[in-house]
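Taking it in order: structure first as structure tokens, then the write-up.
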Amino acid sequence: MKTRFVCQTCGAFAPKWIGRCPECGTYNSMVEEQIEKKKELRKVNGAIPVSLNDIPFAAKDRQSIGIAELDRVLGGGFVKGSLILLGGDPGIGKSTLMLQISSLIARNNGHILYASGEESPYQIRIRAERLGSVNSGIDVLSETDLDSILAAADDMKPTLMVIDSIQTVYKSNLSSAPGSVAQVRECGGDLMRFAKERDITTVLIGHVTKFGVIAGPKTLEHIVDTVLYFEGEKTQQYRILRAIKNRFGSTNEIGVFEMTESGLKGVENPSSLFISDSTTSGSAVTSVMEGTRPLLVEVQALTCPASFNYPQRVATGIDYKRLAMLLAVLERRVGIGLHGMDCFVNVVGGIRVMEPSCDLGLTLAIASSVKNKAIERGTVVLGEVGLGGEVRPVFGVESRLKEAEKLGFRTAIIPQKNKRGRGKLMLEIVAVNEVREATKIALGL
Ligand code: TYD
Ligand code: MG
């Protein structure tokens, strides 16, 4: 089949690859695609609109996997014939997770085709031994030519097909290299059609670049049914599985896993993981909502005199700009300046915190480090901080406080506007309007 190049920015065509689009002038935007023959417009059988009412409705088959953390993220399990993209940094545990899932499905009389272009069958066997996942129901195919993989899958009719990874497979009629946008898009399209036509659940593993986008596979996000994202710090043992898109369930749920000697294990009560027992200064416990579940997390700050003229600001697990804003608020509204001081902040357990409800906790942690005074143990801090130094309300206070109480917390510092009707809790509630009040209460400043 003939191919042509199309600009990803303006849609202009070119017969050959060129570095700069002649229409819009964007560099490096031309991507190869196949030219399909123009079909005549005619009505073939079946191209008749059907009333929404008359479409037969039956709940799709769902296959529960048996790992509670995973089933919840998926909304109950894999939907038959769906296409799932599993993205994450290299080495985070994508292949491990898929091999464990394969083995669980195989134990339930499923048949799995595991196509790997990343590792040799021998390497996969070694990993399976380690995971206790060796099972005759898993067939390993060491192949990267997509058409051969699909032919094998067509013969085998597996319950689940795993492509490890989408960046290594290619279609031989495209000249671009495996992993390029053109290859990933064409392969993804073919896999989508195959999954739907043959009703075979298919998981595509995709690597992510440093910038946090699923390289190449990003273009797949809109065609696949579900996008799962595996995140965490590689050096820490906890991993979080998040659904970014889910045509068959909610996207708010997360699954928490622990990487152990023998693979990934679901963590049922994750809150306790992200809190250390420290009683030193510079630490505060706050809470994030992950879907319907509140999770208590500890944020830590360390400030010390800078050894260079230009002080460092280092944020792990927290948005750097948010940190800069909170430092400015501390300086202007509370009078705690960080002139000539380095400031490091970190979230315990390698989790990433994006919610503004953690602002107050982080601000108090920094103030606590600057003043070298610890916040009393057993205190949980909630609240968004505004530029005026005001503390704004957060959502889901009820469940966040319940979770804190469950873990033995005794005091909660919350926004004044969230105070109403908190009668049933045993926690002592301290409501604040401003950051200054909160520092006074928590640190006696
Ligand atoms: P892997 O699944 O190969 O990552 P990905 O497919 O996302 O690139 O995971 C590799 C890491 O996981 C590696 O650093 C070793 C670690 N690991 C364990 O800690 N325990 C295990 O049982 C396994 C199989 C891997
Ligand atoms: Mg892998």
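All values below were derived from every heavy atom in this structure, side-chain atoms included, with hydrogens, water molecules and symmetry-related copies excluded.
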Please report the shortest heavy-atom distance between [X] and [Y], naming the atom on each side.
X: D190; Y: K171; answer: OD2-NZ, 2.6 Å
X: G386; Y: V329; answer: O-CG2, 3.7 Å
X: K196; Y: G81; answer: NZ-O, 3.4 Å
X: P178; Y: Y170; answer: CG-CB, 3.9 Å
X: R242; Y: V73; answer: C-CG1, 4.3 Å
X: F409; Y: G378; answer: CD2-C, 3.4 Å

Return yes when atom [atom1] of [X] has more than 12 non-hydrogen atoms of other residues, nucleotides or ligands closer than 6.0 Å, and no otherwise.
X: I55; atom1: CD1; value: yes
X: Y320; atom1: OH; value: no
X: R352; atom1: CZ; value: no

Would you say [X] and [Y] make side-chain contact, with heavy atoms under 4.5 Å?
X: T202; Y: F78; result: no
X: L146; Y: L191; result: yes
X: M354; Y: V288; result: no
X: I18; Y: F5; result: no
X: T379; Y: V285; result: no
X: R247; Y: S82; result: no

Using 4.0 Å as the upper bound for N to carboxylate O, is an ion pair formed by [Y] and [X]?
X: E221; Y: K245; result: no
X: E403; Y: K406; result: yes
X: D71; Y: R62; result: no
X: D154; Y: K157; result: yes

Next on the checklist: What verdict does the side-chain contact (heavy atoms from CB on, under 4.5 Å) test give for V31 and R185, after you've listed the backbone C-alpha separation in whole Å, the side-chain angles of each residue and the deciding distance to 0.1 Å?
Outcome noted: CA-CA 10 Å; V31 164; R185 202 176 53 186; 4.0 Å; yes
Ignoring hydrogens and angles, write down the donor-acceptor pairs under 3.5 Å from the side chains of residues 128-145, residues two or more places apart or on other chains.
{"unit_1": "E129", "atom_1": "OE2", "unit_2": "R125", "atom_2": "NE", "d": "2.9"}
{"unit_1": "E129", "atom_1": "OE2", "unit_2": "R125", "atom_2": "NH2", "d": "2.5"}
{"unit_1": "R130", "atom_1": "NE", "unit_2": "E261", "atom_2": "O", "d": "3.1"}
{"unit_1": "N135", "atom_1": "OD1", "unit_2": "G137", "atom_2": "N", "d": "2.8"}
{"unit_1": "E143", "atom_1": "OE2", "unit_2": "D145", "atom_2": "N", "d": "2.9"}
{"unit_1": "D145", "atom_1": "OD1", "unit_2": "D147", "atom_2": "N", "d": "3.0"}

Next on the checklist: Using side-chain contact (heavy atoms from CB on, under 4.5 Å), reason through R400 and M289 one step at a time and then give a plain yes or no.
Outcome noted: CA-CA 8 Å; R400 294 185 206 236; M289 288 298 274; 3.4 Å; yes
Item to check | Verdict with supporting geometry, E186 and E32, side-chain contact (heavy atoms from CB on, under 4.5 Å) | outcome: CA-CA 10 Å; E186 291 289 335; E32 190 179 23; over 6 Å; no
Next on the checklist: Quick one about S165 and E118 (side-chain donor to acceptor, distance below 3.5 Å, no hydrogens or angles considered), yes or no?
Outcome noted: yes
Item to check | CA sep, side-chain torsions, deciding dist, call: R239, D89, salt bridge (charged side-chain N to carboxylate O under 4.0 Å, His left out) | outcome: CA-CA 11 Å; R239 306 277 188 272; D89 285 315; over 6 Å; no
Next on the checklist: Set out, in order, the CA-CA distance, both residues' side-chain angles and the distance that settles salt bridge (charged side-chain N to carboxylate O under 4.0 Å, His left out) for K402 and E405, then state yes or no.
Outcome noted: CA-CA 5 Å; K402 263 195 206 129; E405 203 171 75; over 6 Å; no
Item to check | Criterion side-chain contact (heavy atoms from CB on, under 4.5 Å) on E384 and S357, from CA distance to verdict | outcome: CA-CA 5 Å; E384 179 181 344; S357 58; 5.8 Å; no
